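Written out below as structure tokens is the structure these notes cover.
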Amino acid sequence: MATFTAIKNKKQTAGVLGGVLKYVQQEKKTRAGGLRFITGHNCVPQSAYTEMMTTKRRFKKTDGRQFYHFVQSFAETDNLTPQEANAIGLELAQREFPGFEVVVATHLDTNHLHNHLIVNSVSCETGRKLHQSADDLLRHRQVNDEICAAHGLSVLEQPEKRSKKKRMKPGEYQAGLREDSWKMDLIHAINEALEYADSRESFIANMEQEGYEVIWTDARKHITFVCPNGRKCRDSSLHDETFLKENLEALFIYRQTVGFRPGSVEPDEGWLGELAEGLIQLGRSMERLDDIPPLPAPPTWTDNKQRRREALKKLAMGQKLTADTHSQGMSM
């Protein structure tokens with residue numbers, strides 16, 4: 001099953017284009033077995049930014065929209081190889097954007113393969129500016145379905161209505177054990193986005209790069225995540241207090257206070273533990289200062305919550321639970 005989603009990149013500058021191209025071509029996301037699964041249509045991936053900007057300058061169309069960003073996702077049950085997934089993405093680029101420069105980067109770092117397609121906004125053949133509407137996106141999806149059907153893949157069904165229950169169902173635990181749960185993919189994407197985020201804006205931008213929409217407003221109590229397949233999930237339904245709105249807000253305040261360095265891996269105790277420990281250390285270092293800036297209160301992290309987190313991580317990695325772990329860590 002495959003889906004095709006348009007990513008809303010609100011900022012449209014040459015610098016953002018360069019950043020997106022760099023992001024989708026990260027080696028840790030695209031390399032496997034000594035090979036990198038990145039191809040170009042009408043361009044060479046390694047020099048795509050220069051080629052795209054040269055096209056814009058040649059036709060004197062350097063302002064306005066700079067690029068379009070799409071994500072083509074495949075289900076784990078498709079049993080595709082990275083080569084096959086990249087070839088399908090390239091075929092879609094050739095059919096839908098014949099006169100434009102397109103980079104197709106296949107990401108291998110989640111439970112399902114997915115392609116990022118970065119399309120130049122100006123045709124390298126005619127200089128025509130590319131405009132996309134809802135009808136264009138519908139046509140892309142229809143062609144995507146045709147290509148996938150030709151390769152023996154099925155088309156993703158309409159997403160089911162989300163459950164109102166907040167507790168994780170037994171079936172979701174089993175899905176996590178099999179590593180094919182959409183919610184586990186969401187948690188993975190959030191953790192990765194947090195590695196490079198020191199603010200709400202940068203966190204949302206990182207999530208959008210992976211095809212997720214983040215609805216985060218001051219007026220709403222919860223954050224809502226919209227997955228590439230259309231499923232929606234609140235922060236309170238992720239079974240980890242780390243991702244609650246108030247805890248993420250506190251984390252970003254702390255990071256801006258101490259000068260966070262992007263790319264930090266998740267601590268063993270999780271981002272919530274990092275925040276609590278960091279606030280304690282920061283408070284100790286500032287005890288002798290007369291003017292102490294206001295800091296968020298350390299979050300509450302119970303032993304039960306810690307056990308639940310460890311149990312979920314074990315499930316996500318395919319480990320079996322012991323009877324003691326199940327009784328202590330999975331009781332919700």
Side-chain angles (χ1 to χ4, degrees), residues 2-9 12 14 16-27 29-32 35-59 61-62 64-74 78 80-109 112-133 135-151 153 208-211 228:
T3 60
F4 188 78
T5 307
I7 306 304
K8 298 178 181 178
N9 294 99
Q12 286 286 327
V16 172
L17 169 59
V20 170
L21 286 169
K22 182 178 180 180
Y23 173 83
V24 302
Q25 296 187 68
Q26 290 181 79
E27 187 164 333
K29 294 178 176 291
T30 59
R31 180 178 291 277
L35 299 175
R36 293 188 69 189
F37 298 96
I38 308 172
T39 54
H41 170 54
N42 291 326
C43 66
V44 177
Q46 292 81 354
S47 59
Y49 175 75
T50 301
E51 294 182 54
M52 290 182 180
M53 293 307 299
T54 299
T55 295
K56 298 178 193 297
R57 296 188 186 102
R58 178 157 63 98
F59 292 103
K61 294 183 178 181
T62 58
R65 177 172 283 277
Q66 302 293 309
F67 65 98
Y68 288 89
H69 183 179
F70 303 97
V71 174
Q72 181 186 39
S73 300
F74 305 96
D78 289 330
L80 287 174
T81 65
Q83 293 93 332
E84 291 170 333
N86 190 267
I88 291 174
L90 182 60
E91 184 177 347
L92 180 63
Q94 292 169 338
R95 287 186 56 175
E96 292 301 283
F97 309 103
F100 292 82
E101 293 145 326
V102 185
V103 169
V104 181
T106 303
H107 284 195
L108 321 171
D109 59 332
H112 63 279
L113 297 175
H114 59 281
N115 292 323
H116 287 262
L117 283 75
I118 310 301
V119 186
N120 194 7
S121 60
V122 180
S123 170
C124 58
E125 295 180 356
T126 65
R128 178 176 68 87
K129 197 74 178 281
L130 181 64
H131 298 283
Q132 294 288 278
S133 65
D135 289 338
D136 293 321
L137 181 59
L138 179 60
R139 188 188 71 249
H140 296 328
R141 287 172 173 166
Q142 291 172 341
V143 173
N144 179 61
D145 290 346
E146 293 174 6
I147 294 174
C148 290
H151 285 267
L153 306 180
E208 288 178 345
Q209 299 288 13
E210 283 299 326

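Given the structure is predicted, the values throughout are model-derived calculations rather than measurements. Numbering starts at 1 and runs along the sequence shown.
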*Only one of L21, V20, V119 forms a side chain to side chain contact (heavy atoms under 4.5 Å, CB included) with H69, so which one is it?*
V20
*Pick from V44, V103, V102, N86: which one makes a side chain to side chain contact (heavy atoms under 4.5 Å, CB included) with T39?*
N86
*Starting at CZ of R31, measure out to CD of Q25 and round the result to the nearest 0.5 Å.*
12.5 Å
*How many angstroms lie between OG in S123 and NZ in K61, if you round to the nearest 0.5 Å?*
9.0 Å
*asked:* Using the ring-ring contact (aromatic ring centres under 6.0 Å, His included) criterion, which residues pair with F67? Sequence neighbours excluded.
replied: none
How far apart are the closest heavy atoms of [X] and [Y], and which atoms are they?
X    : Y    : value
I118 : M52  : O-CE, 3.7 Å
L117 : A93  : CD2-CB, 4.2 Å
C43  : A48  : SG-CB, 4.2 Å
P228 : T5   : O-OG1, 3.2 Å
G40  : P45  : N-CG, 3.6 Å
E101 : V122 : OE1-O, 4.4 Å

*Which is it for N120 and K56 under the side chain to side chain contact (heavy atoms under 4.5 Å, CB included) test, yes or no, and what are the steps along the way?*
CA-CA 9 Å; N120 194 7; K56 298 178 193 297; 2.6 Å; yes
Could you check whether any side-chain N or O of [X] sits under 3.5 Å from a backbone N or O of [Y], counting only pairs where one atom can act as donor and the other as acceptor?
X    : Y    : result
T55  : E51  : yes
R36  : T30  : no
Q12  : Q66  : yes
N42  : F100 : yes
R58  : C124 : yes
T106 : A85  : no
D136 : S133 : yes
S47  : T50  : no

Could you check whether any side-chain heavy atom of [X] comes within less than 4.5 Å of a side-chain heavy atom of [Y], counting everything from C-beta outward?
X    : Y    : result
N115 : F74  : yes
Q132 : R65  : no
L17  : M53  : yes
F37  : L113 : no
L92  : I88  : no
K29  : H116 : no
L80  : L153 : yes
T126 : F59  : no

*Do you know which of R139, R95, R141 makes salt bridge (Lys or Arg N to Asp or Glu O under 4.0 Å) with E146?*
R95
*Scan for salt bridge (charged side-chain N to carboxylate O under 4.0 Å, His left out) pairs involving residues 119-131, sequence neighbours excluded, and state none if there are none.*
none
*What residues, two or more places apart in sequence or in another chain, satisfy side-chain contact (heavy atoms from CB on, under 4.5 Å) together with Q94?*
H41, L90
